[in-house]
Amino acid sequence: MAKQWGGRFEGKTDALVEALGQSVSYDARLAPWDIRASVAHARMLGNEGIITRADSRKIVAGLTAIAKDIEAGRFVFDPSLEDVHTNIEAALVKRIGDAGKRLHTGRSRNDQVATDVRLWTRDQIDAILSLLKGIQAAFVNFAEAHLDVILPGCTHLQHAQPVLLAHHMLAYFEMFARDRERFTQLRSRVNVMPLGSAALAGTPYPINREWVAKELGFERSSANSMDAVSDRDFVIAFCAAASLTMMHLSRFSEELILWSAPEYNFIEIGDAYTTGSSIMPQKKNPDVAELVRGKTGRVYGDLTALLTLMKGLPLTYNRDLQEDKEALFDASDTVQLCLAVVTRMIPSIHVHARAMQSATREGYLEATDVADYLAGKGMPFREAHSVVGRIVLYCAKNGRRIPELSIKEFRSFAACFEADVVSMLSAESIVQRRDNPGGTSPRRVREALRKAKRSL
Ligand code: ARG
């Protein structure tokens with residue numbers, strides 16, 4: 001293989017080095033962003049008289065034609081040319097001759113790749129932000145369609161207190177609202193232009209960074225050329241934000257998996273999002289939720305790979321940095337696919353409201369409210385807590401539920417019990433009483449729904 005930029009070499013490159021060093025098999029997807037950045041750079045070079053306007057125009061026309069070929073699938077990327085940048089530059093020179101050789105004036109692949117990846121990441125963030133809005137809307141619609149459904153709220157996966165299913169679903173709305181905040185903040189840190197940093201130290205040409213930044217929609221230009229060519233914080237931060245979104249998707253998936261198990265039988269996920277078994281004809285498995293849960297580990301892996309990649313790198317650019325792309329692309333593709341699939345799966349979920357409701361009869365979900373009742377009668381809460389503990393033990397030993405106890409039985413534990421205790425122990429009235437901001441009462445949940453809709 002002939003050596004690229006071979007002027008200072010006498011020997012050939014080892015045959016295996018191409019396999020190790022080529023990145024075009026995966027970074028070819030950066031081509032549209034690479035060309036946008038190159039067009040802006042070439043126009044600036046022409047405007048500033050660094051190259052002639054005629055050459056600048058030829059370059060822009062050549063790049064535009066190459067972009068069309070790539071889009072139409074007519075462009076052949078050659079791994080012996082290493083990466084997307086050199087493939088496009090070589091094609092340009094082939095197409096327009098010497099003018100093409102002037103494109104790289106005043107820049108380096110180091111600021112070029114950093115610019116491309118930032119442009120690409122900015123677009124992915126925009127796509128993710130709209131997917132996050134979409135999944136939030138799915139949770140709002142689902143909550144609204146099930147406003148009267150009550151289920152056991154759990155801590156330690158043990159029945160704790162009854163809650164509205166809508167309240168449970170709006171908990172996920174909040175998680176994805178935080179994800180949106182995170183990606184929004186990240187967007188402005190990503191939106192900084194490295195171009196003009198050249199290899200590491202800047203360039204002596206009289207370039208106009210402000211013009212290029214504006215042309216490419218960057219909020220500002222990087223302040224330090226050495227930082228700009230070697231910083232991949234934004235790639236790591238992107239994978240960290242994607243990891244948190246995956247974690248949220250994974251927790252939801254886990255609940256769907258549990259809830260569709262026969263032991264719960266709380267829900268049935270639609271046919272489009274479940275699969276059969278190759279041997280057991282009766283099976284309807286929640287594979288989609290399981291795959292989302294599984295893919296979460298893979299995105300954490302991307303994050304870990306990048307943190308490890310960066311930790312020992314001296315300033316400035318090191319070739320190790322080429323390894324940032326597959327992890328970044330994988331995290332981005334995975335989080336976008338999973339967000340889209342889960343958003344579509346949500347409306348397919350059929351709720352077994354009766355099963356949820358009858359589960360609230362198990363596990364003494366009324367216990368806290370009985371203690372609150374006694375505290376309301378003047379008993380210190382700690383004492384009330386232990387009285388109710390004895391009531392629960394009595395029920396457990398005798399196979400009874402708290403609301404079934406007679407007033408006589410209640411009084412055998414504390415004299416201040418009165419007949420009104422029983423009426424306050426239905427799941428509905430327990431839920432109703434949690435009426436402070438952030439609580440599960442129907443009034444508060446409807447209020448939260450209104451607020452959620454406004455934020456979309
Ligand atoms: N493909 C390279 C990367 O992704 C582009 C930059 C190459 N720069 C260099 N000095 N070898 O990192």
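Start at 1 and go down the list; that is how both ligands and their atoms are numbered.
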Colleague: Please check if the side chain of His159 supplies one atom and the backbone of Pro152 the other of a donor-acceptor pair under 3.5 Å.
Modeller: no
Colleague: If only side-chain N and O atoms count, and only distance matters, is there a donor-acceptor pair under 3.5 Å linking Ser188 with Asn191?
Modeller: no
Colleague: For Arg209 and Leu195, indicate whether the former's side chain and the latter's backbone hold a donor-acceptor pair under 3.5 Å.
Modeller: yes
Colleague: Any side-chain donor paired with an acceptor under 3.5 Å for Arg107 and Ser38?
Modeller: yes
Colleague: If you have a sec, work out which protein heavy atom is nearest atom 2 (C) of ligand 1 and how many Å separate them, to one decimal?
Modeller: Gln322 OE1, 3.3 Å
Colleague: Side chains of Ser56 and Arg102: do they bring a donor and an acceptor to under 3.5 Å?
Modeller: no
Colleague: Give the contacting part of Asn110 toward ligand 1: side chain, backbone, both or neither, where contact means a heavy-atom distance below 4.0 Å.
Modeller: side chain
Colleague: What protein heavy atom lies closest to atom 4 (O) of ligand 1? Include the residue and the distance to one decimal.
Modeller: Lys325 NZ, 2.5 Å
Colleague: Starting from atom 3 (C) of ligand 1, which protein heavy atom do you reach first, and at what distance in Å?
Modeller: Tyr317 OH, 3.2 Å
Colleague: Hey, which atoms in ligand 1 end up nearer than 4.0 Å to a heavy atom of Ser23?
Modeller: 1 (N)
Colleague: Mark up the atoms of ligand 1 that fall under 4.0 Å of a heavy atom belonging to Val113, in ascending order.
Modeller: 4 (O)
Colleague: Could you tell me the residue and atom name of the protein heavy atom closest to atom 5 (C) of ligand 1, and the distance to it rounded to 0.1 Å?
Modeller: Asp83 OD2, 3.4 Å
Colleague: Does the side chain of Asp111 come under 3.5 Å of the side chain of Ser197 through a donor N or O and an acceptor N or O?
Modeller: no
Colleague: Ignoring hydrogens and angles, state whether a donor on the side chain of Glu255 or His168 is under 3.5 Å from an acceptor on the partner side chain.
Modeller: yes
Colleague: Have a look at ligand 1 and work out which part of Glu82, if any, has a heavy atom under 4.0 Å from it: side chain, backbone, both or neither.
Modeller: neither
Colleague: So which heavy atom in the protein is nearest atom 11 (N) of ligand 1, and how far is it from that ligand atom?
Modeller: Arg109 NH2, 3.6 Å
